Amino acid sequence: MALIYPELLGTYGDGGNATVLVQRLRWRGMAAEVVSVPAGEPVPAGCDIYLLGGGEDEPQTLAAEGLRRNNAIARAVGGGAAVLAVCAGYQVIGTTFPAGGKIYDGLGLLGIETRRSFEAPDAPVPPRAVGDIVVEPDPSLRLPTVLGYENHGGRTRPLPGARGVPFGTVRVGLGNGIPAGTDGMVHGTVLGTYLHGPLLAQNPAVADLLLSWVHGELPPLPGPPEVDALRAARLRALEIA
């Protein structure tokens with residue numbers, strides 16, 4: 001697992017996603033290792049899964065600049081690697097994103113664009129999305145309800161003709177913040193979403209989906225029971241049947 005630029009894209013604890021992936025492999029008797037890639041260092045092209053987290057505007061632009069110079073992630077995806085990108089990381093793997101009043105180029109791994117708003121220029125800027133988010137994943141992913149929290153000011157939409165499916169339909173929260181009522185995007189072995197949590201700690205089925213993309217079908221692994229209890233408590237609190 002490659003944890004990309006954790007000092008830039010680690011504001012919301014998304015590095016915990018790497019811990020979950022490694023542990024779920026080890027519980028199955030499989031070797032696993034996390035490679036932390038500091039900003040400024042070349043991204044290795046030989047990892048199985050690449051993880052990008054959330055961060056503020058300036059760190060996000062620095063991360064995008066570094067990743068554009070080193071096209072390793074795109075090459076790795078072409079060779080079968082998977083990507084999980086959360087919040088700022090999700091925006092960075094799209095085509096363009098806003099920061100500091102400017103628009104920056106992303107990596108183009110997903111056919112999405114992000115702006116502060118897609119309304120008319122004279123319309124008020126929409127408020128920041130902060131709080132719980134609950135998503136019903138696209139049926140093709142065969143996942144249970146996904147839980148997390150969001151904290152972002154961007155609005156993200158697919159480009160015309162973009163390939164892939166939304167990560168899911170939002171039941172609580174904002175997600176992409178577009179009329180379709182979706183969060184994230186999935187294309188091939190690339191998954192982008194606004195869900196923090198860390199996402200995989202609350203949703204181990206998503207972790208196993210990512211692992212299956214690079215390791216094939218895995219032996220079933222229930223629980224852990226603490227996560228099951230947490231999920232049940234959050235669903236009750238949010239009044240989700």
Side-chain angles (χ1 to χ4, degrees), residues 1-18 35-45 47 49-77 81-119 121 125-130 133 148-159 162 164 167 174-178 183-185 187 190-199:
M1 322 294 169
L3 185 59
I4 304 300
Y5 301 168
E7 71 274 46
L8 300 179
L9 301 176
T11 302
Y12 302 100
D14 299 305
N17 288 322
V35 177
S36 183
V37 184
E41 294 296 318
V43 176
C47 293
I49 301 178
Y50 294 80
L51 302 164
L52 296 85
E56 295 86 358
D57 281 6
E58 184 175 357
Q60 181 183 16
T61 60
L62 292 172
E65 180 183 347
L67 292 171
R68 286 196 307 269
R69 285 199 307 267
N70 174 317
N71 204 29
I73 295 180
R75 294 197 305 272
V77 169
V83 173
L84 172 61
V86 176
C87 198
Y90 169 41
Q91 296 178 8
V92 164
I93 67 169
T95 59
T96 53
F97 64 90
K102 299 180 181 179
I103 301 299
Y104 293 85
D105 289 334
L107 304 185
L109 295 179
L110 292 176
I112 57 169
E113 60 178 352
T114 300
R115 297 290 185 273
R116 284 291 287 116
S117 172
F118 292 112
E119 302 298 327
V125 176
R128 190 173 184 86
V130 180
I133 180 169
Y149 76 89
E150 58 185 338
N151 186 347
H152 62 94
R155 304 295 185 264
T156 300
R157 67 184 179 188
L159 296 171
F167 183 38
L174 190 74
N176 289 333
I178 56 177
D183 171 77
M185 177 70 76
H187 174 54
V190 178
L191 191 166
T193 176
Y194 277 114
L195 274 75
H196 301 289
L199 168 67

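What you see is a predicted model; the values in this text were computed from it and never measured.
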Without placing hydrogens or testing angles, list every side-chain donor-acceptor pair under 3.5 Å for residues 99-107, not counting sequence neighbours.
none

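Residues forming a side chain to side chain contact (heavy atoms under 4.5 Å, CB included) with Y12 (at least two apart in sequence, or on another chain): D14, R128, Y149, N151, H196. In this structure, R155 has no side-chain hydrogen bond (donor to acceptor under 3.5 Å, both in side chains) partners at least two apart in sequence or on a different chain. Taking the side-chain hydrogen bond (donor to acceptor under 3.5 Å, both in side chains) definition, one finds that S36 meets it with nothing, sequence neighbours left out. With sequence neighbours excluded, no residue satisfies side-chain hydrogen bond (donor to acceptor under 3.5 Å, both in side chains) with E41. In terms of the side chain to side chain contact (heavy atoms under 4.5 Å, CB included) criterion, residue partners of A64 (sequence neighbours excluded) are, by chain and number, R68, V92, F97. Here A72 pairs with V43, A45, N70, R75 under the side chain to side chain contact (heavy atoms under 4.5 Å, CB included) rule; sequence neighbours left out. Listed by chain and residue number, R69 satisfy the side-chain hydrogen bond (donor to acceptor under 3.5 Å, both in side chains) test with E65 (two or more places apart in sequence, or in another chain). Partners of Y194 under the ring-ring contact (aromatic ring centres under 6.0 Å, His included) rule, at least two apart in sequence or in another chain, are Y90, H152.
When every heavy atom of P59 is checked against every heavy atom of L8, the shortest pair comes out as CB-O, 3.4 Å. The minimum heavy-atom distance linking V37 with P42 is given by the pair CG1-O, 3.8 Å. The nearest pair of heavy atoms linking A81 to Y50 is CB-CE1, 3.8 Å. When all heavy atoms of G15 and L3 are compared, the closest pair comes out as CA-CD1, 3.9 Å. Considering all non-hydrogen atoms of both residues, S117 and P126 come closest at CB-CD, 3.5 Å. Across M185 and P158, no two heavy atoms sit closer than the pair CE-CB, 3.6 Å.
To the nearest 0.5 Å, the span separating CG on L67 from CD1 on I73 amounts to 5.0 Å. Atom CD1 of I112 and atom CG of L159 lie 8.0 Å apart (nearest 0.5 Å). One distance of note links CD1 of I93 with NE2 of H187; it measures 11.0 Å at 0.5 Å rounding. Note that CG of L195 and CG of N17 are 10.5 Å apart. Values are rounded to the nearest 0.5 Å.
Among residue pairs with one or both ends in residues 107-119, those qualifying as salt bridge (Lys or Arg N to Asp or Glu O under 4.0 Å) are E113-R115, E113-R157; sequence neighbours excluded.
For the pair E7 (side chain) and P38 (backbone), a donor-acceptor distance under 3.5 Å is absent.
D183 pairs with exactly one of T156, L174, T193 by the side-chain contact (heavy atoms from CB on, under 4.5 Å) rule, that one being T193.
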